[in-house]
Amino acid sequence: MTTDSEATLNSGVNEHYRRIWHTVKLIPAGRVASYGQIADLAGLPGRARMVGKALQAAPKAMQLPWHRVLRSNGQIAFPAGSDTAEDQKGRLQEEEVVVLKNRVRLVEYQWRPDLAELLFGLAF
C-alpha cells in the first residue's frame, strides 16, 4: 500500500521537485544547506528559487527537513520574528544548530556531502 506522499510523488509531480525533495531528505540533522546548494546537488544549477517553490509544494506527509535549508548567507529566509522563522529557528536549535540574529554560521554547520553521498545518495 502506498502512502499519500508516495502517491503524490508517483503522480504528475514535476521531476525537478522530486530531485529537490530527495536531496533535502539527505541533509543530516545538525547540518544546513543553502537553496543554491540544494539546486546544484539536485542537478539544477541556478535554480535556487525552484527549491523554495518545491519545499512549499511538498506534501506534509513527506516530512521534509525544510528547516535545514537557508539563504546563501546562512540567513533564515522568513522575516525575523514571524511564526515560520521562529518555527525554523526552534527546529534548528533542537538539532543543536546555533541561530543568532536569524542566521546560522555556514562555516560551522553547512552540510558538505562526501564522495559516497554524492555518488550513491544523490543517484536519481
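What you see is a predicted model, and the numbers here were worked out from it, not measured in a lab. In what follows, residues are counted from 1 in the order of the sequence shown. When reading the values below, keep in mind they use all heavy atoms of this one structure, side chains included, and skip hydrogens, waters and symmetry mates.
Listed here is the closest heavy atom pair of Ala85 and Pro79: CB-O, 3.3 Å. Contact detail for Leu106 and Asn73: the closest heavy-atom pair is CD1-C, 4.0 Å. Nearest heavy-atom pair, Pro45 versus Asp40, reported as atom, atom and distance to 0.1 Å: CA-OD1, 3.3 Å.
Every residue meeting the side-chain contact (heavy atoms from CB on, under 4.5 Å) condition with Ala80, not counting sequence neighbours, appears here in chain and number order: Asn102.
Hydrophobic clustering keeps Tyr109 apart from Val107 (ILVMFWY residues linked when any side-chain heavy atoms are closer than 4.5 Å, directly or through intermediates).
No side-chain heavy atom of Leu70 sits less than 4.5 Å from a side-chain heavy atom of Gln75.
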What donor-acceptor contacts under 3.5 angstrom involve side-chain atoms of residues 48-61, with partners at least two apart or in another chain?
none

Taking only distance into account, with no hydrogens and no angle test, what donor-acceptor pairs under 3.5 Å do side-chain atoms of residues 27-34 form with protein atoms, sequence neighbours excluded?
from  : atom 1 : to     : atom 2 : distance (Å)
Arg31 : NH1    : Glu108 : O      : 2.8
Ser34 : OG     : Gln37  : N      : 3.0

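Under the side-chain hydrogen bond (donor to acceptor under 3.5 Å, both in side chains) criterion, the residue pairs touching residues 83-98 are His67-Glu95, Arg68-Glu95, Asp87-Arg91, with sequence neighbours excluded.
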Full working for side-chain contact (heavy atoms from CB on, under 4.5 Å) between Trp111 and Leu41: CA-CA 11 Å; Trp111 175 45; Leu41 290 171; 3.6 Å; yes

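Residue Leu64 holds its CG atom at 10.5 Å from CD1 of Ile20, rounded to the nearest 0.5 Å. Atom CZ of Arg19 sits about 10.5 Å away from atom CG of Asn14, to the nearest 0.5 Å.
Under a 3.5 Å cut-off, the side chain of Arg71 and the backbone N or O of Ala77 do form a donor-acceptor pair.
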